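To keep things clear, I will list the structure first and then write my remarks on it.
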Amino acid sequence: MLVLCIAIKLKKSKDHYDSDLRPLVLGTSMLVLPFIPASNLLFPVGFVIAERVLYLPSAGFIVLLCLAWIKVGVKLPKWKKSLNRMMALLIIFYFIRTMMRNMDWISRKSLFLSGLQTNPANPKIRYNWANYLRDSNRSVDAATEYEEVLQLYPGYVAAMNNLATILEETPTTARKAEELYVRVIQMRPWHENAYNNLANLLVKRGKYDDAVNVLVRGVRSSTNYMTHAQNLARVLVSRGKVDKAEQIYKHIVDHFCFKKSKRNCNAQVTGLLQDYGSLLANKGDRRESLKMYKLSFQSNSSNLESMAKFANALAEAGRVEQATQLITYAVGKNKEHVVDMWKIAATFWKMNKLKESKRLYEVSVKLHPENLELIGQYAAVLFETGEHAPAVKLLKNLTARDSECQSEGVWRNFASILGRLGKHDEAIKLLLRCLEGLESVTNNSVSEINVRKGKIKCQLGKHKRDLSILFSRRNKIEEANTLWNQSLQDLEEGSSLNPGDKDCPITLKQMTNQNTST
C-alpha cells in the first residue's frame, strides 16, 4: 500500500521530477543515514540483527524503488505493462512475507522460536529463549540453553548470572552456582545482582561471614543495592544472626551517611535506616536507635512513615514535646498513622505522662471510634487522671457492645478499675460474663481462645483472692475459704491455658506457699 501511494504521487508529478534530484537524495538519505548509528561503525551496539533499525531505511528503499519504477516506465514504454505486473507480484510477495512475520510476533514464544530457527548460533537469541523457558518454570531446559549460550559466547555475564540462579536451587549444583557468581563479579565488578545473589547463596550455605563481606564489597549508591542489602539483613535477623545483620547496616550507614557527603544519606537509605533503628531498639540500645531514626527522618523528611518511627523513638527516649509534634503532623497528613499515635500514647501512659497520653488518646479515639481496645486504654487513662465516673461509664458501654468478649483487654481493664474501686464482686461478675462470651466465639482458633481464657481466669483468680482477704477481715471465714480455693483453681487453670503468662504461676505459687504455712 505504501509503494502504491508513493508511486501514484510520483507519477502525478513525474514531469517535475524528471529533472529534480530531490526524490533520489531523499530516498538515499533515508536508506543510509538512519542506519549509520546502528551499523557498529561509529561505536559498539548491543545487537547483531534487529528489525527495528530497518524501519526508516526500508522507507528510503521504497522511495528509490518507486523512483526507478517510474523512470524505467518513462524510458522504456514498451516494457511498462510488464514492469507493472512485476511490481504487483513484488507487492504481493512482500505482503505475504509481512503477514508471515506478523504471525511470529503473536507471542513471546513464537518470536523467540522464529529467531532460533533463523539463526540458532546467535547467543542473544538463545539467551532470550532461555529466559522464556525459565519464566515458564522449565528450569532444566533453561539451564541447558544458558549453557549453550555460554558455549557460543563465554563472556555473556547475564546468561552466567541467570544460570547460577537456577543451579543454586539444587544442593548438588550450589557450588557451581557460587563459582559462576564469582566469575560474573570478576568480569563485571559493578554487577549488583551478582553480589546480592552470591550473598544470599552464601547465607543459605551457612557462610555468614563470607555473605557479609561480599555484600559490603559491592556497595553501590542505587535503590536496587539498598533493597538487596536490606533484604539480606532481614534474612540474617530471621536466622538469629543479628550481629551479621548489624555489620551490614553499620557499613552502609558509615559509607553513605558519615564517610561520604551527607547528600548520599538520602531517600535511598531511609528504609534501611529504619530497620537498623528497629534492630538497635530490640537490642536495648535506645541511644543509637534514636540516632538511626533521626537520620532516617533527615534523609527523607517528607516520608511520613519515617517521621512516625522517629516520633516513636523520641517518645521512648522521653522527649515528649518533640514526639507529640511529629506524630500530630504525621497523623494530620495521613490518618493511617493513628496507630503510631496510639503506640506513643501508650508509651506516655507507661511513663506516667498522663496529660500528654490523654491528649493523644483523644485524637486517636476521634479517628478510630470503632476500635474497642483503643477506647478501653483511653478509659484507663481517664481513670488515672481522676476522671473515674467517665471512665467507668465508657467501659460499661464498651463491654455492652462486645458481648462475645472479643476485646478481652477492655474487659480486663474494666475489672482492674472495679477492683481498685473496691468492687471485687462486680469485677468477678464482669469476668465471668466475658468467659461466657468467649464460649460462643467460633471465628478464632482454639489455641487463641484458650490464651484469652487463660488471661481472664488468671485475673479472675486474683479478684477472688482479694475478695477472700476482705471477707477474712470481716470474719466471714467460710466465704473467704471458698473464694480462696476458687482463686487457686482459677489461677491453676489460667496458667495451664496460657503457658506464656509468667505472672499467673508466680501468684499461684505465693498463694500455695501461704496456704501451706497457714
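Nothing fancy with the numbering, it's 1 onward along the sequence. Treat the numbers as computed from the prediction; the structure is a model and nothing was measured.
The closest donor-acceptor contact from the side chain of Ser357 to the backbone of Ala345 lies under 3.5 Å. Here the side chain of Tyr293 pairs a donor or acceptor atom with the backbone of Ser278 at under 3.5 angstrom. Counting only distance, with no hydrogens or angles, the side chain of Asp402 and the backbone of Ser407 share a donor-acceptor pair below 3.5 Å. Counting only distance, with no hydrogens or angles, the side chain of Ser289 and the backbone of Leu280 share no donor-acceptor pair below 3.5 Å. Distance alone, capped at 3.5 Å, places no donor-acceptor pair between the Thr170 side chain and the Thr173 backbone. Put simply, the side chain of Thr507 gets close to the backbone of Asp503: a donor and an acceptor are under 3.5 Å apart. The backbone N or O of Lys509 sits less than 3.5 Å from a side-chain atom of Asn513, completing a donor-acceptor pair. Checked by atom type and distance alone, the side chain of Glu408 never pairs as donor or acceptor with a backbone atom of Ile456 at under 3.5 Å. A donor-acceptor pair under 3.5 Å links the side-chain atoms of Arg452 to the main chain of Cys405, judged by distance alone. Formation of a donor-acceptor pair under 3.5 Å by the Ser238 side chain with backbone atoms of Val235 is found in this model.
Residues Lys453 and Glu439 are paired through a salt bridge, judged by an N-O separation under 4.0 Å between the basic side chain and the carboxylate. A salt bridge is absent between Arg465 and Asp490; no separation between the charged side-chain nitrogens and carboxylate oxygens falls under 4.0 Å. Checked for salt-bridge contact, Lys207 and Glu178 meet the test: a charged N lies under 4.0 Å from a carboxylate O. A salt bridge is defined here as a Lys NZ or Arg NE, NH1 or NH2 lying under 4.0 Å from an Asp or Glu carboxylate O, and Glu179 with Arg183 fails to meet this definition. Arg175 has no carboxylate O lying under 4.0 Å from a charged side-chain N of Glu168, or vice versa, which leaves the two without a salt bridge. At a threshold of 4.0 Å, the pair Asp501-Lys455 does not count as salt-bridged, since none of the basic side-chain nitrogens sits closer than that to a carboxylate oxygen. Of the charged side-chain nitrogens involved, none lies within less than 4.0 Å of a carboxylate oxygen, so that Lys333 and Glu305 do not count as a salt-bridged pair.
Counted by atom type alone, Asn162 and Asn131 present one or more donor-acceptor pairs between their side chains at under 3.5 Å. Remark: the Ser296 side chain and the Thr270 side chain contain no N/O donor-acceptor pair separated by less than 3.5 Å. Residues Glu356 and Thr324 have side chains that never bring a donor and an acceptor to within less than 3.5 angstrom of each other. Asn213 and Asp209 are not linked by any side-chain donor-acceptor pair at a separation below 3.5 angstrom, with hydrogens and angles left out of the test. With no hydrogens or angles considered, a side-chain donor-acceptor pair links Trp342 and Gln377 at under 3.5 Å. Side-chain N/O atoms of Ser139 and Asn137 include no donor and acceptor closer than 3.5 Å. Between the side chains of Asn197 and His228, not a single donor N or O lies within less than 3.5 Å of an accepting N or O.
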Next item on the list: In sequence, state the C-alpha distance, the side-chain angles, and the governing distance for Lys355 and Glu321, and then conclude on salt bridge (Lys or Arg N to Asp or Glu O under 4.0 Å).
Entry: CA-CA 12 Å; Lys355 181 180 178 182; Glu321 188 175 344; over 6 Å; no

Notebook entry, point to check: What do the steps show when you test Gln230 against Thr227 for side chain to side chain contact (heavy atoms under 4.5 Å, CB included), and what is the final call?
Noted result: CA-CA 5 Å; Gln230 197 172 353; Thr227 303; 5.6 Å; no

Next item on the list: Verify side chain to side chain contact (heavy atoms under 4.5 Å, CB included) between Leu273 and Ser299, making sure each step is shown before the conclusion.
Entry: CA-CA 9 Å; Leu273 287 165; Ser299 69; 4.1 Å; yes

Checklist line | Residues Glu387, Lys358; criterion salt bridge (Lys or Arg N to Asp or Glu O under 4.0 Å); working and verdict | finding: CA-CA 11 Å; Glu387 300 181 52; Lys358 178 186 172 185; 2.6 Å; yes

Next item on the list: List the steps, then state whether salt bridge (Lys or Arg N to Asp or Glu O under 4.0 Å) holds for Arg126 with Glu147.
Entry: CA-CA 10 Å; Arg126 297 202 83 97; Glu147 287 172 349; over 6 Å; no

Check: Can you list the steps and then say if His337 with Asp340 is a side-chain hydrogen bond (donor to acceptor under 3.5 Å, both in side chains)?
Finding: CA-CA 5 Å; His337 289 290; Asp340 296 291; 3.1 Å; yes

Next item on the list: Show the numbers, then the answer: is there a side chain to side chain contact (heavy atoms under 4.5 Å, CB included) between Lys124 and Tyr153?
Entry: CA-CA 9 Å; Lys124 178 69 174 178; Tyr153 181 21; over 6 Å; no

Note to self: For Ile125 and Phe112: C-alpha separation, side-chain torsions, deciding distance, then whether side chain to side chain contact (heavy atoms under 4.5 Å, CB included) applies.
What the structure shows: CA-CA 7 Å; Ile125 292 173; Phe112 293 154; 5.9 Å; no

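More than 12 non-hydrogen atoms from other residues, nucleotides or ligands lie less than 6.0 angstrom from CE of Met351. The neighbour count for Glu492 CD, taken as heavy atoms of other residues, nucleotides or ligands under 6.0 Å away, does not exceed 12. Residue Glu362 qualifies as enclosed at atom CD: its count of foreign heavy atoms under 6.0 Å is above 12. A 6.0 Å sphere centred on NZ of Lys204 holds more than 12 heavy atoms belonging to other residues, nucleotides or ligands. Few gaps surround CD on Glu169; more than 12 heavy atoms of other groups in view lie less than 6.0 Å from it.
The shortest side-chain heavy-atom distance between Asn200 and Leu202 does not fall under the 4.5 Å cut-off. Taking the side chain as every heavy atom from C-beta outward, His191 and Ile185 never approach each other to under 4.5 Å. At least one side-chain heavy atom of Tyr276 sits under 4.5 Å from a side-chain heavy atom of Glu246. Looking at heavy atoms from C-beta onward, Arg134 lies in side-chain contact with Tyr146 at the 4.5 angstrom threshold. Between Lys457 and Leu431, every side-chain heavy-atom pair lies at or beyond the 4.5 Å cut-off. Leu236 places a side-chain heavy atom less than 4.5 Å from the side chain of Val212. Contact of the Cys257 side chain with the Val269 side chain is registered, since non-hydrogen atoms from C-beta on lie closer than 4.5 Å. At least one side-chain heavy atom of Thr328 sits under 4.5 Å from a side-chain heavy atom of Met341.
Among all heavy-atom pairs drawn from Ala245 and Val237, the shortest one is CB-CG2, 3.6 Å. Between Thr118 and Ser114, the shortest heavy-atom contact is OG1-O, 2.8 Å. Among all heavy-atom pairs drawn from Ala211 and Ala199, the shortest one is CB-O, 3.4 Å. Ala415 and Ala427 get closest at one heavy-atom pair: O-CB, 3.6 Å.
Using bins of under 30°, 30° to 60° and over 60° for the plane-to-plane angle, the ring pair Trp349/Tyr361 lands in the perpendicular bin.
Considering only residues two or more places apart in sequence or on other chains, His463 meets the ring-ring contact (aromatic ring centres under 6.0 Å, His included) condition with His424.
For Phe297 and Phe310, the ring centers are positioned less than 6.0 Å apart. Ring pair Trp129/Tyr132: centre-to-centre distance below 6.0 Å.
Here the rule is side-chain contact (heavy atoms from CB on, under 4.5 Å) with Gln274, and of Asn303, Leu295, Leu279 only Asn303 fits it.
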